[in-house]
Amino acid sequence: MKGKGKKILLTGLTVALLNTPFLMNDGMVWAKEQPKHTHPEKVKNELTTQQAIKLASDFAKASAYVQRGGDYKAGEYKTFSYKGKTYRYLASSIDTKKELVNYLAKTLTRKAAEQFLKDNGIIEYKGKMAQVEADGGSLLQWEKATAKYIKSTKNTEYYQLTVPVGDTGVTETYMAEYQYVQKVGWRLSNEPSFEQSSLTAEGVLDLAKKFAQASSYVQAGGSYRPGEYQTFTYGGKTYRYLSSSIDTRNELLNYLKHSLTHTAAEQFIKSRGIIEYNGRLAQIEADGGSLLQWDKATAKLVKSEDSKQIYQLIVPVGNTTEKQTFIVELQFVKEVGWRISKEPALETNNALTDSLAVELATKFAQASSYVQAGGTYRPGEYQTFTYQGKTYRYLSSSIDTKSELLAFLKNSLTQAAAESFIQSRGIIEYNGRLAQVEADGGSLLRWDKATAQLTKNENNTLTYLLTIPVGDTTEKQNYLVEYQYVQNIGWRISKEPYWNLDIPGNINPAFNFVTLLLKNTETTKQLFINPNDFNVEEFKKGIKKIEYVNFTEIGRKNSQVEYIVKVKFELESSYKGTLENGENNLYFLIQPVGYMDFKIAEIGRVELY
């Protein structure tokens with residue numbers, strides 16, 4: 001009974017303690033047995049997760065404020081040279097050490113504030129605080145962070161902060177230390193530091209995905225606000241300024257360095273042809289897209305040495321079963337974490353497959369029809385105008401600028417092929433918008449049901465023969481399609497699909513014309529696209545004998561091929577035509593009309609010199 005009573009008494013004390021937290025202090029045995037942060041909001045001087053987030057967010061704002069020099073009043077901004085570098089004085093509100101430390105001490109301990117000055121190279125010069133000219137920016141949304149309590153040591157609390165990176169859906173993890181300052185409250189005792197965890201396959205994939213998003217974002221110029229998009233001509237080319245969030249070198253580098261090392265970020269800017277013009281960054285008008293699904297990739301460690309690791313990434317292509325293999329190098333950056341030190345590079349064993357060739361051709365055919373129809377017009381959006389005696393229509397709003405149309409076309413075409421497509425379709429820019437002559441196109445070709453066969457591989461170009469069903473018939477048509485690999489994007493069509501004009505001799509209508517002319521008039525007539533355009537009976541009058549000598553291909557157009565056929569004729573004395581006894585050269589223009597079906601478009605006698 002004694003033990004039982006003691007148990008009841010102990011339980012009662014526990015309940016009492018849990019409901020009276022003000023009794024808990026370091027001198028009570030029971031307090032040591034309570035899990036920390038059971039009810040943090042009820043404990044005196046307890047740091048809550050909300051306070052931890054707010055302090056980190058306020059510090060991030062203060063850090064950005066100081067790094068840009070503060071808010072300068074008119075005429076206040078002044079610079080000077082010191083030890084070979086250009087410094088600027090801080091704004092008057094923080095240009096003394098006392099003012100600056102007091103400002104930082106709103107979020108940092110005094111010791112941490114002093115360290116901040118050292119870490120950021122802030123010096124005192126002629127009684128005023130100054131720093132090297134440099135601005136910083138960050139996409140980290142500290143105010144939207146989440147906090148997780150980790151541990152306590154003496155009067156220091158440790159929290160893990162997970163911070164969103166812009167609107168990318170990606171987060172970064174930081175460790176933050178807090179100390180309680182008497183009569184002041186909680187302060188950061190160190191700047192939040194990036195968690196230096198070991199690199200995992202998941203971490204590699206996260207960085208690769210983040211880089212792919214950043215690459216697409218920069219290639220699109222960023223996100224332009226209304227009226228912000230501006231272009232200019234430089235070196236004979238049209239450039240556009242990047243959007244305001246990334247239009248300075250510092251801003252762009254800071255953005256890229258969420259996934260790249262500093263050196264890789266510098267190389268990225270150089271490789272993309274980004275220049276500084278009138279104090280802002282700009283690039284040639286060009287947008288990119290990719291079928292690579294980085295969020296569904298897998299990663300495998302290939303090599304590891306100290307602070308460098310190499311991974312093999314296998315990335316799905318679109319909604320196909322195709323995959324492409326990349327090699328990516330990563331390095332650990334002190335106080336930052338793992339970053340990509342070399343952009344993902346396609347492994348040499350990546351080959352264009354038959355199914356991907358068909359998919360790209362299908363995508364292009366759909367894009368071509370979409371553009372020829374003007375796009376998809378919203379209510380009231382369709383507008384026409386007269387230009388040089390022709391009626392034009394503006395393209396729909398989704399593709400009515402060159403950058404939008406190029407971005408759309410480059411889902412299946414290379415940059416050069418997309419530019420050529422726009423030119424070949426007679427698309428013009430009028431009053432700042434793209435327009436075309438009113439004309440709609442359609443086709444019965446079922447590109448998605450095509451079969452593909454590789455026919456040529458030379459000069460970094462793969463040529464495929466695509467055999468395409470026509471509607472619901474048994475008819476088929478042959479096209480040749482050329483593909484090239486675009487770095488960091490994937491395979492693209494480098495030349496619009498064109499008729500296969502490699503005509504076997506036994507079905508070449510030019511050859512068959514010679515062999516059938518004197519044998520079967522009706523069959524000879526059927527060799528022509530329009531049988532009534534050429535009078536076979538009249539042509540053969542007075543010809544006693546015809547003998548084939550040879551034929552030579554002399555040229556090709558997009559859907560036609562030209563031949564010179566050397567033929568020996570024996571003519572009757574009554575012959576009144578243009579032929580001569582002996583050898584004659586006949587010109588043939590041949591055009592495909594179906595699957596392995598070719599007809600004569602033109603015929604005539606020519607003199608060769």
Side-chain angles (χ1 to χ4, degrees), residues 53-73 76-125 128-145 161 163-166 172 174 176-177 187-194 222 242-258 260-262 265-266 269 276 279-281 333-337 339:
I53 293 168
K54 188 172 189 311
L55 274 170
S57 176
D58 288 346
F59 166 70
K61 294 173 185 175
S63 176
Y65 181 82
V66 174
Q67 284 182 316
R68 70 171 183 265
D71 289 332
Y72 292 95
K73 297 175 182 177
E76 190 175 72
Y77 191 96
K78 294 180 181 179
T79 63
F80 61 91
S81 293
Y82 180 69
K83 292 185 177 180
K85 296 181 180 179
T86 301
Y87 280 76
R88 65 179 171 200
Y89 289 110
L90 302 190
S92 57
S93 61
I94 54 172
D95 69 348
T96 68
K97 187 171 183 179
K98 182 178 178 181
E99 288 172 332
L100 182 52
V101 170
N102 284 340
Y103 174 67
L104 292 170
K106 293 176 181 178
T107 53
L108 298 176
T109 62
R110 289 268 165 181
K111 183 179 178 181
E114 294 278 359
Q115 187 61 44
F116 179 92
L117 302 189
K118 292 180 182 179
D119 292 342
N120 288 276
I122 298 172
I123 65 171
E124 190 170 2
Y125 189 82
K128 293 175 67 177
M129 306 305 288
Q131 66 185 166
V132 174
E133 280 198 298
D135 294 305
S138 173
L139 291 178
L140 294 173
Q141 297 185 328
W142 289 93
E143 71 282 359
K144 295 182 180 180
L161 304 177
V163 191
V165 180
E172 288 190 352
Y174 288 78
E177 300 176 17
R187 292 293 186 269
L188 284 160
S189 54
N190 276 309
E191 291 187 46
S193 59
F194 189 89
L242 302 190
S243 62
S244 57
S245 62
I246 54 172
D247 69 348
T248 69
R249 190 174 189 83
N250 244 7
E251 288 172 331
L252 181 53
L253 281 172
N254 284 333
Y255 174 64
L256 293 171
K257 284 160 66 176
H258 286 293
L260 300 177
T261 62
H262 181 86
E266 292 276 7
I269 294 173
E276 188 169 359
R280 295 175 61 191
L281 295 185
V333 181
K334 188 177 180 181
E335 297 183 357
V336 174
R339 291 294 184 266

TODO: If the plane angle is over 60° it's perpendicular, under 30° parallel, otherwise tilted; pick one for Phe116 and Phe59.
DONE: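 The rings of Phe116 and Phe59 stand perpendicular, inter-plane angle above 60°.
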- [ ] Assess Lys128 against Tyr89: is NZ or CZ under 6.0 Å from the centre of the six-membered ring, and within 45 degrees of the ring's axis?
- [x] yes
Please identify each residue that fulfils salt bridge (charged side-chain N to carboxylate O under 4.0 Å, His left out) with [X], with sequence neighbours left out.
X: Glu124; answer: none
X: Arg249; answer: Glu266
X: Lys106; answer: none

- [ ] Apply ring-ring contact (aromatic ring centres under 6.0 Å, His included) to Tyr77 and list each qualifying residue two or more places apart in sequence or on a separate chain.
- [x]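 Result, ring-ring contact (aromatic ring centres under 6.0 Å, His included) vs Tyr77: Tyr72.
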TODO: Could you tell me which residues satisfy ring-ring contact (aromatic ring centres under 6.0 Å, His included) with Tyr87, sequence neighbours excluded, listed by chain and number?
DONE: Phe80, Tyr82
TODO: Check for a donor-acceptor pair, side chain of Thr248 on one end and backbone N or O of Glu251 on the other, with a separation under 3.5 Å.
DONE: yes
Open item on the list: Quick check against the 3.5 Å criterion: does Arg187 have a side-chain atom that pairs as donor or acceptor with the backbone of Ala105?
Closed with: yes
Open item on the list: Give me the atom names and distance for the closest heavy-atom approach of Leu253 to Ala265.
Closed with: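 Taking every non-hydrogen atom into account, CD2-CB, 3.7 Å.
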Task: Interatomic distance, Gln67 atom CD to Ile122 atom CD1 [nearest 0.5 angstrom] - done: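 Gln67 CD to Ile122 CD1: 8.0 Å, rounded to 0.5 Å.
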Task: Those residues that, when tested against Glu76, pass side chain to side chain donor-acceptor pair (under 3.5 Å) (two or more places apart) - done: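 Side chain to side chain donor-acceptor pair (under 3.5 Å) check on Glu76 returns Ser92.
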Task: Name of the residue among Ile123, Leu100, Val66 meeting side-chain contact (heavy atoms from CB on, under 4.5 Å) with Leu117 - done: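 When Ile123, Leu100, Val66 are each tested with Leu117, the side-chain contact (heavy atoms from CB on, under 4.5 Å) holds only for Leu100.
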